[in-house]
**Student:** 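One structure follows; several queries about it will come next.
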Amino acid sequence: MKKIALITGATAGFGKSSVKKFIEDGWGVIATGRREDRLLKLKEQYGESLHCLKFDIQDSSQVEAAIKSLPSNFENIDLLINNAGLALGTAPAQQCDLEQWNTMVDTNIRGLMTLTHKVLPKLIETRGAVINISSVAASYPYPGGNVYGGTKAFVVQFSLGLRSDLHGTGVRVTCVEPGMSETEFTLVRTKGDQSASDKLYEGAKPMTGDDIAETLHWIATLPPHMNINRVELMPVNQSFSPFQVNRS
Ligand code: NDP
Ligand code: 8X3
């Protein structure tokens, strides 16, 4: 195996496509997620090139135990892709469910922080790289984006801060900020409403998990003296709208 990548959120969407992309290029991959059946399927598909870790990223003791359990052939991590995350709900802030807000913070911020904290010493040893998945929602607010956008803005700023702290270690840090991509993202956001998901993507030609996996692989395989700080990408059919003005 060329190098080892740890990819969170590997059971669907961007993560699942990235597992395929990196393994096809000869990497060993540690795939993580909560859904064991899907992890087992990945294991069947990729065999010795893949090691699965089942944990809920919101639970720091599960994260710690999982990293400690890595076998010697997977413990020298060269690349951490912090991809696991979610949006819940599209309601305006004043109507939101506080529990959903907490879940987004615990997953997209606390979970990402915890895993990064556990893996950084290994990345410093290997002079590796971190790629954090943020979103266009970090920079461009939209109605109903409230806490989701806030968590992704954290990811952008945390990535820049990491880059600064890791100065001189050789560890690279990139923040990837995608726009609309068809995965299970909207299904999760709408609590399993397939028709809402289909309607959002219909006719829009959104980006795909494979598009994002290509980008992540490109970033990870650049010469080691180059650091891509931030990448923002959207489908051609998504762009910006004017400010809202209330005239009442
Ligand atoms: P998917 O819903 O298809 O995949 C999300 C992945 O995250 C799943 O593998 C899921 O695994 C994992 N995950 C979610 N919660 C947890 C948890 N508590 N513990 C462990 N794993 C968890 O979504 P995407 O592939 O689209 O999303 C990947 C990332 O990209 C997210 O951070 C998302 O915010 C971001 N993003 C997505 C965009 C889009 O339009 N799709 C655009 C911009 C950013 P499991 O359920 O098995 O635990
Ligand atoms: C989600 C991106 O464009 O659906 O992170 O808001 S978008």
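Just follow the structure's listing: the first ligand is 1, and inside any ligand the first atom is 1. Just so you know, these numbers use all the heavy atoms, side chains as well, and skip hydrogens, waters and symmetry mates.
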**Student:** Please determine whether side chain to side chain contact (heavy atoms under 4.5 Å, CB included) holds for the pair S18 and I212, giving the CA-CA distance in whole Å, both sets of side-chain angles, and the decisive distance to 0.1 Å.
**Tutor:** CA-CA 8 Å; S18 301; I212 304 303; 5.7 Å; no
**Student:** Where is the nearest protein heavy atom to atom 2 (C) of ligand 2: which residue, which atom, and how far?
**Tutor:**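 Protein heavy atom with the smallest distance to atom 2 (C) of ligand 2: S135 OG, 3.5 Å.
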**Student:** Would the distance check show the side chain of N108 and the main-chain N or O of L86 forming a donor-acceptor pair, the cut-off being under 3.5 Å?
**Tutor:** yes
**Student:** Taking the hydrophobic residues Ile, Leu, Val, Met, Phe, Trp and Tyr, and joining any pair whose side-chain heavy atoms are under 4.5 Å apart, which ones share a cluster with F243?
**Tutor:** none
**Student:** Linking directly or through intermediates, with side-chain heavy atoms under 4.5 Å: list the remaining ILVMFWY members grouped with V136, chain and number order.
**Tutor:**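 Answer for V136: Y140, M234, F240.
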**Student:** Please step through side chain to side chain contact (heavy atoms under 4.5 Å, CB included) for the pair T151 and V147, ending with a clear verdict.
**Tutor:** CA-CA 6 Å; T151 64; V147 166; 4.0 Å; yes
**Student:** Quick test of your reading: applying salt bridge (charged side-chain N to carboxylate O under 4.0 Å, His left out), list the pairs with at least one residue in residues 40-53, sequence neighbours left out, ordered by first then second residue.
**Tutor:**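 Residue pairs with at least one partner in residues 40-53: there are none.
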**Student:** If you have a sec, work out which protein heavy atom is nearest atom 6 (O) of ligand 2 and how many Å separate them, to one decimal?
**Tutor:** Y142 OH, 3.0 Å
**Student:** Going by salt bridge (charged side-chain N to carboxylate O under 4.0 Å, His left out), E184 matches just one of K191, R38, K16, R189. Which one?
**Tutor:**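 Between E184 and the candidates, salt bridge (charged side-chain N to carboxylate O under 4.0 Å, His left out) is satisfied uniquely by R38.
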**Student:** Which pair of heavy atoms, one from A31 and one from V19, lies closest together, and at what distance?
**Tutor:** CB-CG2, 4.3 Å
**Student:** Can you report which non-hydrogen protein atom sits closest to atom 4 (O) of ligand 2, along with the distance?
**Tutor:** F185 CE2, 4.1 Å
**Student:** Check ligand 2 against M180 and write out every atom of the ligand that is under 4.0 Å from a heavy-atom position of the residue.
**Tutor:**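 In order of number, 3 (O).
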**Student:** May I ask whether Q238 places a heavy atom under 4.0 Å from ligand 2?
**Tutor:**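 Distance cut 4.0 Å: Q238 passes for ligand 2.
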**Student:** Assess the side chains of D106 and T103: does a donor N or O sit below 3.5 Å from an acceptor N or O?
**Tutor:** no
**Student:** What does the 4.0 Å heavy-atom contact list look like for ligand 1?
**Tutor:** G9, A10, T11, A12, G13, F14, G33, R34, R35, F55, D56, I57, Q58, N83, A84, G85, T107, I133, S134, S135, Y148, K152, P178, G179, M180, S181, T183, E184, F185, V188
**Student:** What atoms of ligand 2 come within less than 4.0 Å of a heavy atom belonging to Y148?
**Tutor:**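 Counting atoms of ligand 2 from 1, those under 4.0 Å from Y148 are 1 (C), 5 (O).
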